[in-house]
Amino acid sequence: MDLNDTNLQTLTEFLQKTLDPNPSVRRPAEKFLESVEGNQNYSILLLTLLEKSQDSVIRVCAAVTFKNYIKRNWRIIEDEPNKISDADRTTIKANIVNLMLTSPEQIQKQLSDAISIIGREDFPQKWPELLKDMVTRFQSGDFHVINGVLRTAHSLFKRYRHEFKSNELWLEIKLVLDTFAQPLTELFKATIDLCQTHASDINALKVLFSSLTLISKLFYSLNFQDLPEFFEDNMETWMTNFHNLLTLDNKLLQTDDEEEAGLLELLKSQICDNAALYAQKYDEEFQPYLPRFVTAIWNLLVTTGQEVKYDLLVSNAIQFLASVCERPHYKHLFEDQNVLTSICEKVIVPNMEFRSADEEAFEDNSEEYIRRDLEGSDIDTRRRAACDLVRGLCKFFEAPVTTIFSGYVSSMLAEYGKNPRINWKHKDAAIYLVTSLASKAQTQKHGITQANELVNLTEFFVNHILTDLNSPNVNEFPVLKADAIKYVMIFRSQLPKEHLLQAVPLLVAHLEAESTVEHTYAAHALERLFTMRGPNSTTLITPAEMAPFTEQLLNNLFKALALPGSAENEYIMKAIMRSFSLLQEAIVPYVPTLIGQLTHKLLLVSKNPSKPHFNHYLFESLCLSIRITCKASPATVDSFEDALFPVFTEILQNDVQEFVPYMFQVMSLLLEIRSSSATSAYMALFPHLLQPVLWERTGNIPPLVRLLQAYLLKGGAAIASTAADKIPGLLGVFQKLLASKANDHQGFYLLNSIIEHMPPESITQYRKQIFILLFQRLQSSKTTKFVKSFLVFISLYCVKYGAIALQEIFDSIQPKMFGMVVEKIVIPEVQKVSGQVDRKVCAVGITKMLTECPAMMDTEYTKLWPLLLQALIGLFELPEDDSIPDDEHFIDIEDAAGYQTAFSQLAFAGKKEHDPIGDTVMNPKIMLAQSLHKLSTACPGRVPSMLSTSLNAEALQFLQGYLQAASVQLV
């Protein structure tokens, strides 16, 4: 694509169309952009548009498109084409920093993200000038430019907070510190001085405080891995200024907005984080500064209001106290009973209250409320921070803290008892206090695993939780109902089973609640209870115990999906999946109705897939209903196909990328379950599965390979007779997969199925070419994974077509090739083959090479015979060799390019491991003994003499054992 006005105009038009709400306009435009993004200059055209277009919407759209393009394509993946030309890469890196710094803020943010994506791959080795380029901009004095640099540095360095320690990482951080730490410190001091100079200029202060917040974030990232020498030497500068900023109160920066945190709150929140980092990780060096920070943060907590805009600040401040109080060094600061009482009264209890803002979120923004309350992402909520502080204090002061809080809990419940309708928030706070006090250790899987022994959880459940759950009106006091359900869920591992069984029908009833939070919590609690393990590793709650409630459970779960706000509720869908899994054949009578509801839901969400977890559990539920029903009645597979195929056709026709990999897995499951061969509906689809466009998406590869394997299993003969012209296409897929180090094993899965299930004559003409391709790959890039797959393949070929056929095809490519493969690959590498089935295939294949291939006995190959036998005995007796050469770079198979729909394996569509040899050979050791006996009978005396002269004593001893077990002798 040339850089000209025509192309810029075309690009503008298509970008405009991608913003169109009408899918028939938007989708083709997106497809067009996808089709041209591989062309040289595409990215440069986007950058030109975002710089020069007169239309601000197009500029922002070009910036977002550019960032997403970089995200998908910048990383270079081995064996895959480089999607951005080297010339474009150089141009982008030469111009992007300057472009970012001179763009409006909305575009600046997108380009800043793009720089950090490029930096993640190229910095520092391939982009050494980036840092110096950025640091020199600090001298500009233009804070629009400076903030652009700081924002980019933040997105580049924040990964230091969660990267694992490594030499490479430390070298990079050292390079950054050497170049960046001093200028950053100077900028910090200069910005603080400017704040004093411009103390009465609100516009200047806004820009300067944005800078200080970004500088504080960078401080956190650069100090996270270890305490750098530079920051230790300059701790006085940083900590004194941080402390001053914490205590600063500039009236100009106070905002009237009660919801949105202002610049002052954001800066102070980050400083609390920085102080907590030092208190936790560098307590010795931080000790001289700690008391003044504790005082400043305490004062901050006592004087800050309950408005939502202070939430982040208050929660970070409480987290600071929580991190300080659980360190032995600082224990003395909290020992006084008055201090503990004061903390409980002035910090913990007020921040556990259910505010009107929480009530609004509960009713009007339930999804966000659930996300923050249920999923542990409420790290920035006051309640979570207060809860962490309780846990921190309990580490050293469990008894006094429990005593203080027990008093609060009793008085709160007493207040509630006086007038429940008015005082229900008191009970809510009491339940939260009990929960935070009792919870010592928690996991996602088991809930609370360790509880405070001073709190009687069962008694509290009976007296205060069960009463709410038993209330006949599920819509009354929804917050308290949600609290009660959450209590059951959190303490499920602590409560006796009879109480959990008592709760189950009550939870089922709460699925009908109008409140989204309430019915979601009920679904989630049931799902968690159904996963609990009882004795003997069975589920704690059995299908028999669920029998009285099965119908109501299934009805209420599906009815809940029709409640406002829950049409795509992932917790309900997960509960449906888990209920199917628990109840097993008990669901069979209901499946005809349920499958209609599931397919209808699938059709609706396929129009605009927006909830990945919901969609995943929906497909899992489909797979479970298929598995369970077809196990009870195999013939019902037809009715599932009738129900699902119309929806699948629509998904394929509309190219719903998110659903296609799932669809292939469900189709594979249906086809594998069929007792008869593939129907005409399947055969009509077969040619479409070979289309190259489907194989371009990495997420499609594993499920598509499995689907083709299912086709070969059930329709190998039909393909050979009615679709023989498609065999080259099938082998073309194999060839494409073979060329990729990441997917070559998938290519072998396909090839093995072709060998196993296709009629031999249908592929005779292609066999030699297949082997030539394998040898070319062996020569160009031989990896351990490839060699293991290659060994399994030639062994399977030997089992299927015979050892003579294997030897002849090798030697027809190049004389003596068979001997080279045996000597250079089979003998030294077979020990690396892993997995029971693969090792069995190799054992049977090698046995046939040893005993059914005359060339091994009568030519120059004979010298390899004892070595091959020894390698086979090694395969039986030695541990698997899982070593990998040092220089071999393994690509993580899941680490696929960019944004493409990753492959999500459906647990309930799982495929049983297939044994191509099956029952024909039960014990390969016995087979070896019998085959050697047969060979020795055909040529008496030869086998024993070869064994006695060439096999080592240990191997000989093992072989004697096999012969005895098979009750045969060598002659």
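Starting from 1, each residue takes its place in the sequence as its number.
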Item to check | Candidate list Leu738, Leu708, Leu704, test side-chain contact (heavy atoms from CB on, under 4.5 Å), partner Leu750, passing option | outcome: Leu708
Checklist entry - Do you know which of Leu46, Ile44, Leu45 makes side-chain contact (heavy atoms from CB on, under 4.5 Å) with Phe66? => result Leu46
Next on the checklist: Which residues pass the salt bridge (Lys or Arg N to Asp or Glu O under 4.0 Å) test with Asp20, not counting sequence neighbours?
Outcome noted: none
Checklist entry - Has Gln691 got more than 12 heavy atoms of other residues, nucleotides or ligands less than 6.0 Å from its CD? => result yes
Next on the checklist: Under the ring pair (Phe, Tyr, Trp, His ring centres under 6.0 Å) definition, can you give me all pairs with a residue in residues 109-143, not counting sequence neighbours?
Outcome noted: Phe138-Phe180
Checklist entry - Under the ring-ring contact (aromatic ring centres under 6.0 Å, His included) test, which residues partner Phe648, sequence neighbours left out? => result none
Item to check | Pairs flagged by ring pair (Phe, Tyr, Trp, His ring centres under 6.0 Å) wherever residues 11-50 is involved - sequence neighbours left out | outcome: Phe14-Phe32, Tyr42-Tyr69
Next on the checklist: Using a strict threshold of under 4.0 Å (side-chain N to carboxylate O), is an ion pair present between Glu105 and Lys109?
Outcome noted: yes
Checklist entry - Looking at residues at least two apart in the chain, or sitting in another chain, which of them share a ring-ring contact (aromatic ring centres under 6.0 Å, His included) with Phe219? => result Phe231, Trp238, Phe242, Tyr278
Checklist outcome for this item: Tightest non-hydrogen contact, residues Leu737 and Gln746, listed as CD1-C, 4.0 Å
Next on the checklist: Working note: Tyr220 + Phe157, criterion ring pair (Phe, Tyr, Trp, His ring centres under 6.0 Å); need CA distance, chi angles, decisive distance, verdict.
Outcome noted: CA-CA 10 Å; Tyr220 189 88; Phe157 304 153; over 10 Å; no
Item to check | Partner set under ring-ring contact (aromatic ring centres under 6.0 Å, His included) for Tyr711, not counting sequence neighbours | outcome: Phe686
Item to check | Result of checking Asn41, Thr48, Asp2, Thr12 against Asn7 for side-chain contact (heavy atoms from CB on, under 4.5 Å) | outcome: Asp2
Next on the checklist: ring pair (Phe, Tyr, Trp, His ring centres under 6.0 Å), that's the test. Do Tyr571 and His613 meet it? Break it down for me.
Outcome noted: CA-CA 9 Å; Tyr571 295 96; His613 289 102; 9.1 Å; no
Next on the checklist: For Lys607, is the NZ atom crowded, meaning more than 12 foreign heavy atoms sit under 6.0 Å from it?
Outcome noted: yes
Item to check | Test item: Val149 and Val97 side chains (from C-beta on) under 4.5 Å apart, heavy atoms | outcome: no
Checklist entry - Can you tell me if CG on Asn22 sees more than 12 non-hydrogen neighbours from other groups inside 6.0 Å? => result yes
